[in-house]
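Just below is one structure, and these are the notes that go with it.
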Amino acid sequence: MGRYTHRVAISNSRILACNDDRVCFRCKDYRDNKQKTMTLPVREFTARFLKHILPDNFYKIRYYGIMASCGGTSKMDLCLKLLGKPLIRSPLERLAT
């Protein structure tokens, strides 16, 4: 899981060459499922890389299991009940309705 949630957009090992105006790197073509090399101008490479940087207050890690939104609060309610802990709800939750 850590490899998925904490990996960067492109690792250094995939960058094959770079100079003043071009970057050459390995990528996977999902149409034929083969590794290929791509060469882009530095400006285009940087623009594509920056698309993977999340804005402030956004998080890359998705919740799963009892924290998944598909189960609503039912799984969390059951877990807290079994643990004997009270359910703490956000005061802002009432404003949504």
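Note that the structure is a prediction, hence the values are computed from the model and not measured. Basis for what follows: all heavy atoms, side chains included, without hydrogens, waters or symmetry-related copies.
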Q: Could you list the residues that satisfy side chain to side chain contact (heavy atoms under 4.5 Å, CB included) with L82, not counting sequence neighbours?
A: L78
Q) Which residue pairs pass the salt bridge (charged side-chain N to carboxylate O under 4.0 Å, His left out) test with at least one member in residues 45-55, sequence neighbours excluded? A) E44-R48
Q: State which residues pass side chain to side chain contact (heavy atoms under 4.5 Å, CB included) with C27; sequence neighbours excluded, sorted by chain then number.
A: R14, F25, M38
(Q) If hydrophobic clusters are built by linking Ile, Leu, Val, Met, Phe, Trp and Tyr wherever their side-chain heavy atoms come under 4.5 Å apart, do V42 and I15 end up in the same one? (A) yes
(Q) Within the structure provided, determine whether V23 and F49 are in side-chain contact (heavy-atom separation under 4.5 Å). (A) no
**Q.** Rounded distance (nearest 0.5 Å) linking atom CZ of R26 with atom OG of S13
**A.** 5.5 Å
Under 3.5 Å, sequence neighbours excluded: what are the donor-acceptor pairs made by side chains of residues 30-37?
{"residue": "D32", "atom": "OD1", "partner": "K34", "partner atom": "N", "Å": "3.4"}
{"residue": "D32", "atom": "OD2", "partner": "K36", "partner atom": "NZ", "Å": "3.2"}
{"residue": "N33", "atom": "OD1", "partner": "K28", "partner atom": "NZ", "Å": "3.2"}
{"residue": "K36", "atom": "NZ", "partner": "D29", "partner atom": "OD2", "Å": "2.9"}

Q | For R22, all residues meeting side-chain hydrogen bond (donor to acceptor under 3.5 Å, both in side chains), sequence neighbours excluded | A | none
